[in-house]
Every structure is written in C-alpha cells, then in structure tokens.
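Below: one structure, written as structure tokens.
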Amino acid sequence: MAATTNIHQVTASMTAAGDGLERALCDELANLAQHAAVLMKNRAPKFRSGLVDSIRAEPVSAFEWHVRTGVDYAQAVEEGRGPGKGLPRWADPAAADIKAWLESKVFAGRRRARKSSMKAVHENLELRDRYQGLSWHVRHHGIKPHPYAGPTADMMRRIFPGRMAQAGREYLARQGGGSVA
C-alpha cells in the first residue's frame, strides 16, 4: 500500500513563507524569554527584592535570548551555602550588598543619626556586631537554598519545543499553507 503525503506542498509553502515564518518564530522566542523571566521573578524569594528586580530577559540576537539576574548573590540564593565558610570581612567591598540588606532590616522605621554624631558611631558598631553574628550563623549553619532558576529552566525545556512548533503551525495556517506534519 502506498502512502500519500503532502510533503511537497508543505515544503513549497515553508520556502515561500520563510521570512514570515522566521519572524513568527523570533516573536514566539521573545515571548518565551519574557515568560521565563516572569516565572523566575515569581519563584525568587521576595525578601530579596533586589534579586527579583534584577531578573531580565535580554536579546543577544534574533534567535538567542539570555534570562539572567543582575546581582552577585543570585547563585548563593539558588544553591545555598553549606556550613564552613562565613561571610566576607566587614571592611571587604564584597560585603556591601549584605551590609545594605542588614542595614535595611536593622534600622527599618528608625530615624538614622547624623554622620558626624556619636549616635552614628554607635549605630555603626551595632551594625558591625549584627553582621558578625550573621557571619557566625552562616559559618556554623550555612544558608538554605531557594531554587528559582533551576525549576524555571526545567519547565521551559519541557514547553519550549511545543510552543515553537505551535507558532510555526499557526503562522503557516494563517498563510494558507495547509496542514503541517
């Protein structure tokens, strides 16, 4: 028994609609990249709003997008940190993000003292003591992971081929290309 297919018509319609098909796939890829960024923002821990605000989908080329974060501590949030190593030293510039976060938590709702006053010196000492306590806790207990990028990437790997195929089928159907296998 001979099988009949319309592969010649499908090939001809795809060749004729090549530029439009490419544009449709680029648009769907942009939609998928933005969708991945939104999913990552939804899964990221909200107490680190700097992390959530820094998640972006950036185009590299027409068929390549990068969904990434813009903060240094994103990997530590994703993977956590085992016991054994504390935070960077107080005077280290790498500790600036942690100090800013700690300052926002310690002095929330309090009026800060003038920089030249003795009260400012005491606030700075209090902040340093709390930082050292946080460092001790991290050194002895580690940091619990909050995975947000990994589950999003797994989900996107599952839905990506189907969504791209669907976008191609929809474009060809709009162009009158008939059914596509």
Side-chain angles (χ1 to χ4, degrees), residues 23 25-160 163-164 167:
R23 217 174 11 263
L25 292 177
C26 287
D27 292 345
E28 184 62 24
L29 185 61
N31 288 341
L32 283 170
Q34 295 300 332
H35 183 66
V38 168
L39 287 175
M40 280 177 64
K41 285 181 179 186
N42 288 341
R43 290 177 184 261
K46 301 301 185 272
F47 71 92
R48 299 294 297 209
S49 63
L51 172 65
V52 173
D53 293 342
S54 74
I55 297 174
R56 301 226 187 301
E58 301 168 344
V60 176
S61 67
F63 283 107
E64 185 177 359
W65 283 72
H66 286 172
V67 180
R68 64 178 68 189
T69 60
V71 293
D72 297 334
Y73 56 84
Q75 186 175 4
V77 172
E78 174 76 17
E79 298 171 358
R81 191 173 189 177
K85 185 173 182 187
L87 301 175
R89 298 263 182 216
W90 171 256
D92 190 355
D97 282 343
I98 302 166
K99 288 195 289 191
W101 174 81
L102 190 60
E103 189 173 343
S104 73
K105 299 301 176 199
V106 171
F107 301 119
R110 285 177 30 187
R111 185 167 172 236
R112 298 299 309 268
R114 287 181 309 184
K115 291 184 180 186
S116 60
S117 70
M118 198 63 190
K119 186 164 172 52
V121 171
H122 291 295
E123 284 180 355
N124 196 28
L125 289 173
E126 178 186 358
L127 190 63
R128 188 198 63 198
D129 291 344
R130 289 183 183 228
Y131 181 86
Q132 288 174 345
L134 180 62
S135 181
W136 182 92
H137 184 79
V138 167
R139 187 171 50 250
H140 287 84
H141 300 287
I143 300 173
K144 180 181 165 193
H146 296 281
Y148 61 95
T152 302
D154 292 340
M155 182 190 314
M156 295 309 286
R157 277 189 208 102
R158 285 192 309 269
I159 68 171
F160 180 80
R163 291 269 305 261
M164 292 299 279

Correct closest heavy-atom pair for Y148 and P45 would be CD2-CD, 4.5 Å
For A120 and R114 the tightest heavy-atom approach is CB-O, 3.0 Å
V52 and K41 have their tightest heavy-atom pair at O-CE, 3.5 Å
Between K99 and E103, is there a side-chain N and carboxylate O pair less than 4.0 Å apart? no
For S54 and G70, the nearest pair of non-hydrogen atoms, with its separation, is OG-N, 3.1 Å
(Q) Can you tell me if D72 has over 12 outside heavy atoms packed within less than 6.0 Å of its CG? (A) no
So CE of M164 and CG of L29: to nearest 0.5 Å the spacing works out to 5.0 Å
Mark yes or no for whether H141, through its side chain, and H137, through its backbone, hold a donor-acceptor pair below 3.5 Å.
no
| message | Heavy-atom count check: over 12 atoms from other residues, nucleotides or ligands less than 6.0 Å from Q132 CD? | response | yes
Residues at least two apart in sequence or cross-chain that pass side chain to side chain contact (heavy atoms under 4.5 Å, CB included) with D27, listed by chain then number, are none
Checklist line | Main-chain N/O of L87 paired with Y131 side-chain donor or acceptor, under 3.5 Å | finding: no
In short, L102 meets R130 closest at the heavy-atom pair CD2-C, 3.8 Å
Check: Are the side chains of L134 and I98 in touch, meaning some heavy atoms are under 4.5 Å apart?
Finding: yes
Residues at least two apart in sequence or cross-chain that pass side chain to side chain donor-acceptor pair (under 3.5 Å) with R163, listed by chain then number, are E28
Separation between CE (M155) and CE (M40), nearest 0.5 Å, reads 12.0 Å
Look at atom CZ of R89 and say whether more than 12 heavy atoms of other residues, nucleotides or ligands are closer to it than 6.0 Å.
-> no
In terms of heavy-atom contacts, A36 and M156 come closest through CB-CG, 3.9 Å
Practice task
Check whether any side-chain heavy atom of W65 lies under 4.5 Å from a side-chain heavy atom of L32, and answer yes or no.
Solution key: no
Across all chains, not counting sequence neighbours, the salt bridge (Lys or Arg N to Asp or Glu O under 4.0 Å) partners of R111 are none
For a 4.5 angstrom cut-off between non-hydrogen side-chain atoms, does N124 reach R128? no
(message) I'd like to check T69 versus E78 (side-chain heavy atoms, cut-off strictly below 4.5 Å). Are they in contact?
(response) no
